[in-house]
Amino acid sequence: MGRPAAATRPGRRRGRFEHWFYLSPALVVLAALLVYPLYQLVLVSLYDYRQAQVSGAQPLRFIGFDNYATLLGDPRFWGVLGNTVVFAAACVVGTLLVGGALAVLATRLRPWVRTVLFLTALGAWATPAVTGSAVWLFLFDPTLGLVNQVLVGVGLEGFAGHSWTYEKWSAFGLVGAEVIWCSFPFVMVTLYAGITSIPEEVVEAARLDGASTLRIAHSIMLPMLRPVLAIVTIQSIIWDFKIFTQIYIMTGGGGISGQNMVLNVYGYQQAFAASQYGLGSAIGVITSLLLLAITLVYLRALRRNGEVL
Amino acid sequence: MSVRHDESGPAVAPATGAAARPPAGASDRPAAAPRRRRPRRWLADVCALLVAVVVAFPLYWMVLSALRPRAELEAGDATPFTLSPSLDSFERVVLVDGFGRYLVNSLLVAGAVVVLSTLCAFLAAVALTRYRFRTRSTLLVMVLVAQMVPIEALTIPLFFLLRNIGGAVPALGLNHLGSLIIVHMAFSIPFAIWMLRGFVAAVPQSVEEAAKLDGASSFTFVRRILFPLVAPGVAACSIFSFITTWNDFLFAKTFIISAQENQTLPIAILTFFKPDENDWGGIMAGSVLMTIPVLIFFVIVQRHLISGLGGAVKG
């Protein structure tokens, strides 16, 4: 044990590069499979890159921003962008409302009721997007689905054989319901944790001072929950903006004549169904930029809340 | 439904409720308040149970439909139970469609991703929280930005990259499980770093100094002391990497093109969807098989879930 004096010195010096030793595995993986593909994505989006170029039948041709020009001049792209924004916004609002309301409700429940609620939410949360989509699709199946049978049984004969995925917004609504179902638990659990972490004394003190429940919620709970709320909101926006599986499965790859396309599905179809890799990459770049903008808002929200990186 | 809950409520509540409640609410409130609040509380409980029923229903329906005999399913039987449960759908799925193979594939990929990505992320989190160096903030911002990268957009370059990697190392190329493992590692690591950062930072500097005084090298400290201390965080972030990998549909669909023996569960389920006639029994049985491992995982780690999220949220 006569080492300390000798050991700390070289330890310090070694410490100058030690962090790179810890960082290297993650950095290697990220550089190879995240950064490099990202660079490739941008590069490919600047080329005329189709099946002929992949197989080598035709040479690669640099076309600058032509892919982007094609997209921005295409009313179909704007339609898809609109779909994405409206659909994501509806999902985010729905998820936050349901999750927030249930988090507040959860604070007023008997422990066993709360446990039941959390367990079922956990079940919905744990359900993979593929199986969740399959079950919801089955529930809303035109002929064999439970929902239509119940509606007909109630006397709404018009729903016999009614297809929920035929009409554009009805299909989006169905997908959105599934999305909210499997994503509200995250919001609920996080907000519940946030609410219960508010010190009881603070609320109690306000109550002793004569503050009403509404006042407490507005002036004490809400400000204290703001950091958590910001995170939950941005996280939901990012998730819902990127939805792919649910749309792909529930609407059969983007709906009838592509009416239910969102950016991700559109880009995927352009690349792997139509072999327009350049165009698909350009859509990917645009999606990434939009999400980057949202991320910057996220960062600013964190900063404003005094979070230090 | 609600009537049944009203009846079962009082029978259960005194047993569990009475034991757990007093320390929480009743002790610091005047005796009159609980009585006045009771009706409202009842309402909240009933509402919550109704919500729970609605939320759980799709899962219940999935299990029920998987157990229904085929004739009942094809007749569109809507009774919320079945009198003659059968395992036919499961048998058909596992024996005829080789579901077991896909299940093993999915488990292999998810298991490898959890272990490898958590390890990489943990080491990176150590570097990013316990060392001060110039590029630290930049790296942290990049980690955050990396989480936002729409992975679907990267499918195109990744496809070509994996094709090239496959030329050199076939096991990591297209049509092999290795391709899914490395790709999912890359997508799990940023979030895992972000999440573990809070846990690693929460371990006081004094612990490290004490370990150093006792002669532990930096790596020994990280391995023997820090890692066990942040175990809850590791559990929480392993849930996320497990679930994103297990649930992945897009990459499995894109990168495993022709090697049917290397397909994973989501794709297997998708093959049951047929243009005119869906095999709902098979789809539901497959869905049950795919959901169960995730549920088990959730139940195991659920205790750490909230604390884990708390750590991530508080940063």
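Every chain is numbered from 1, with letters handed out A, B, ... down the list of sequences. Bear in mind that the values here come from a model prediction, so they are computed numbers and not experimental data.
Between chain B and the options A:T127, A:T287, A:L146, A:L34, heavy-atom pairs under 4.5 Å are most frequent for A:L146. Interface summary for chain B: among A:L291, A:L109, A:D141, the most heavy-atom pairs under 4.5 angstrom belong to A:L109. Your options are A:L33, A:V265, A:L144, and the one with the most heavy-atom pairs under 4.5 Å with chain B is A:L33.
Contact of A:F138 with chain B is made through backbone and side chain together, with heavy-atom distances under 4.5 Å. Only the side chain of B:T135 comes within contact range of chain A, judged by heavy atoms closer than 4.5 Å. Residue B:L73 touches chain A through both its backbone and its side chain, counting heavy-atom pairs closer than 4.5 Å. Contacts between A:L23 and chain B at a heavy-atom distance below 4.5 Å involve backbone atoms as well as side-chain atoms. The part of B:F273 that comes within reach of chain A is its side chain, from C-beta onward, which places non-hydrogen atoms under 4.5 angstrom from that chain. Only the side chain of A:L102 comes within less than 4.5 Å of a heavy atom in chain B; its backbone stays farther off. Proximity to chain B (any heavy atom under 4.5 Å) is restricted, for A:L27, to the side chain, taken from C-beta onward. Only the side chain of A:Y36 comes within less than 4.5 Å of a heavy atom in chain B; its backbone stays farther off. For B:R130, no part lies near chain A; criterion is any non-hydrogen pair under 4.5 Å. A:A121 touches chain B through its backbone: at least one of N, CA, C or O sits under 4.5 Å from a heavy atom, while the side chain does not. If you measure heavy-atom distances from B:L270 to chain A, the contacts under 4.5 Å come from the side chain alone. Residue contact with chain B, scored on non-hydrogen atoms closer than 4.5 Å, involves the side chain of A:L292 exclusively. Interface remark: A:T143 contributes no atoms to any contact with chain B (heavy atom separation under 4.5 Å). Contacts between A:Y268 and chain B at a heavy-atom distance below 4.5 Å involve the side chain alone, from C-beta outward. The part of A:F184 that comes within reach of chain B is its side chain, from C-beta onward, which places non-hydrogen atoms under 4.5 angstrom from that chain. With a 4.5 angstrom heavy-atom cutoff, B:V143 does not touch chain A via any of its atoms. B:I189 touches chain A through its side chain: at least one heavy atom from C-beta onward sits under 4.5 Å away, while N, CA, C and O do not. At a 4.5 Å heavy-atom cutoff, A:A31 makes no contact with chain B through either its backbone or its side chain. At a 4.5 Å heavy-atom cutoff, the contact between A:I238 and chain B is made by side-chain atoms alone. Interface residue A:A124: backbone and side-chain heavy atoms are both found under 4.5 Å from chain B. No part of B:L116 comes within reach of chain A, as not one of its non-hydrogen atoms sits under 4.5 angstrom from that chain.
At distances below 3.5 Å, at least one donor-acceptor pair connects side-chain atoms of A:W181 with backbone N or O atoms of B:V55. In terms of modelled atom types and a separation under 3.5 Å, the side chain of B:N247 and the main chain of A:V130 share no donor-acceptor contact.
Checked against a 6.0 Å centroid threshold, the rings of A:Y49 and B:F160 count as neighbours. Ring-centre distance between B:F122 and A:Y22: not below the 6.0 Å cut-off.
Going from atom CD1 of B:I257 over to atom CZ of A:F272 covers 9.0 Å, rounded to the nearest 0.5 Å.
No side-chain N or O of A:T120 forms a donor-acceptor pair with one of B:Y60 less than 3.5 Å apart.
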